[in-house]
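Given the structure is predicted, the values throughout are model-derived calculations rather than measurements.
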Amino acid sequence: MEKLRRVVKEIAYAQDYTKLSTLHQSLIPILSLASSLYKVVLSIRHYLYHLGFFSKHRFPVPVISVGNLTWGGNGKTPMVEFIASWLADSGISPLILTRGYAGGDEARMLTRHLRGKSVKIGVGANRAATAACFLKRHGYLDPRDYLAEGNWHEQGSRINSRKIGVVVLDDGMQHWSLQRDIEIVMVNGLTPWGNHQILPRGPLREPLKALRRADVVVVHHANLVSEHNLRDIKLVVQEVKKSLPIFFTRMSPLHFFEVGNMNTRIPLDIICNGVVLCVSAIGSANAFVQGMEKMGTLYVDRLDFSDHHSLRDTDIEMIRMKLKELEDKFGSMPVVVITEKDYDRDPEILRHLSPYKVMALCSELQIIPCRCNGDDDFKKLLKEMVEVKIFRSKPELAFSDTNPKDLSID
């Protein structure tokens, strides 16, 4: 199964099918048929939502959705953390709703990073039911308590942080059953659209025209992308919706911690002139590896697994073999570096690589200043968008009593 996933991904991001192997080319007709069927189902589902056949849940607080058009590696969870941390620092307690896919590795990472802040994290596939439980347990703030007269930051210290003020949806773009006030779409700058095909032949969850629903587009890993390619991405986005604000982000490395002792803070320069094996099961391994190569290492090798893959004993043996090869080649013990998501997925199995050192890289999302689109500009824009949606567009939804049916947990 792991090999099949790898083959499908290679097809999805291939620019020239003639260079693909016979196996890859033999799968294209099957994937094309599956993509056509998926597109039909997607259209029917969208049409039924448009007709009101499927209901949409409305929460009594503003909702910010962070999603994407392609499969993983777009920086959704780091952006969710960035927004939640900012809200909490502003005195507004956000509720993060995450599906908890593949054992909840992302939820565990969010919990660790946001510990000590007034952030609540709800995990579950039925996010409406999850939100209902949290809103009933903790209560919620009338948005006027912190939006009135533009005193978002000034009123922060007087806001009851125990009550939920904003809902942040992790991976929410295709979760159409929940209404949202802001739609943020993350784009992986290294592999923005792949072959422009719909799943499973391509990486697109929806056609590019779905960008019309977006309020903000964020190009992630922009520091690893050429100016020419960034311009191309902007052109594609603006062809769909010219007025879309576009921001650029990067993952900034902070430090390492050693597997088995996550409280350690190991400086980044420990790998300078060293041999590193990057092991990851994430959506954008290329960004992870390229980031490691920029840290002054002597040599960086890699073992990539499909997104959210849980390591097995056979995988550990494969990693050990690769480490032995590197040790024989360079005459020194290589270091294994993983991402925090990989650590949170299964921290115990990584201890089986002893005596080789295994470290997890801690990073944080940063907005790259670009003309008028910097960190403060992004936060100001979100605040203004929430105010516009709440006060002008949907005042009756913003401040009316919660509809029990909408927040039912039955």
Non-hydrogen atoms of [X] and [Y] that approach each other most closely:
| X | Y | result |
| --- | --- | --- |
| His113 | Ser363 | CE1-O, 4.3 Å |
| Ser310 | Asp315 | O-OD2, 4.0 Å |
| Gly194 | Gln15 | O-NE2, 3.8 Å |
| Phe257 | Asn261 | CB-O, 4.2 Å |
| Leu169 | Val80 | O-CG2, 4.1 Å |
| Val300 | Cys278 | CG1-SG, 3.7 Å |

Pair [X], [Y]: side-chain N/O donor-acceptor within cut-off below 3.5 Å:
| X | Y | answer |
| --- | --- | --- |
| Glu183 | Ser65 | yes |
| Ser35 | Arg201 | no |
| Asp170 | Thr77 | yes |
| His46 | Glu206 | no |
| His309 | Ser306 | no |

Please answer whether the main-chain N or O of [Y] pairs with a side-chain N or O of [X] as donor and acceptor at a distance below 3.5 Å.
| X | Y | result |
| --- | --- | --- |
| Asp377 | Gly374 | yes |
| Asn373 | Ile246 | yes |
| Gln25 | Tyr17 | yes |
| Ser93 | Ser118 | yes |
| Ser354 | Arg351 | no |
| Asn195 | Ile11 | yes |

Whether [Y] and [X] form a salt bridge (side-chain N of Lys/Arg under 4.0 Å from carboxylate O of Asp/Glu) is what I want to check.
| X | Y | answer |
| --- | --- | --- |
| Arg205 | Asp171 | yes |
| Asp181 | Arg58 | yes |
| Lys383 | Glu387 | yes |
| Lys76 | Glu106 | no |

[X] versus [Y]: any side-chain heavy-atom pair under 4.5 Å?
| X | Y | result |
| --- | --- | --- |
| Leu95 | His138 | no |
| Trp176 | His50 | no |
| Leu268 | Leu361 | yes |

- Intermediate values then yes/no, side-chain contact (heavy atoms from CB on, under 4.5 Å), Leu114 and Ile96: CA-CA 11 Å; Leu114 296 169; Ile96 296 174; 3.7 Å; yes
- Query: Of Lys341, Arg112, Arg345, which meets salt bridge (charged side-chain N to carboxylate O under 4.0 Å, His left out) against Asp105?
  - Reply: Arg345
Are more than 12 heavy atoms, taken from residues, nucleotides or ligands other than [X], located less than 6.0 Å from that residue's [atom1] atom?
| X | atom1 | value |
| --- | --- | --- |
| Arg312 | CZ | no |
| Arg320 | CZ | yes |
| Arg127 | CZ | yes |
| Lys241 | NZ | yes |

- Message: Could you walk me through whether Phe247 and Ile368 satisfy the side-chain contact (heavy atoms from CB on, under 4.5 Å) test, starting with their C-alpha distance in whole Å, then the side-chain angles of each, then the deciding distance to 0.1 Å, before giving a yes or no?
- Response: CA-CA 8 Å; Phe247 289 82; Ile368 301 173; over 6 Å; no
- Pair Leu365-His220, side-chain contact (heavy atoms from CB on, under 4.5 Å): steps then yes or no: CA-CA 9 Å; Leu365 181 140; His220 195 43; 3.8 Å; yes
- Among Thr264, Ile338, Ile270, find the residue that satisfies the side chain to side chain contact (heavy atoms under 4.5 Å, CB included) test when tested with Phe256.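 When Thr264, Ile338, Ile270 are each tested with Phe256, the side chain to side chain contact (heavy atoms under 4.5 Å, CB included) holds only for Ile270.
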- The residue among Ile184, Leu69, Leu211 that forms side chain to side chain contact (heavy atoms under 4.5 Å, CB included) with Val217 is Leu211
- Task: I would like to know whether Leu48 and Ile44 meet side-chain contact (heavy atoms from CB on, under 4.5 Å); could you show each step before the answer?
- Result: CA-CA 6 Å; Leu48 292 175; Ile44 293 173; 4.0 Å; yes
- Task: For this output row, return yes or no: ring centroids of Tyr140 and Phe59 closer than 6.0 angstrom.
- Result: no
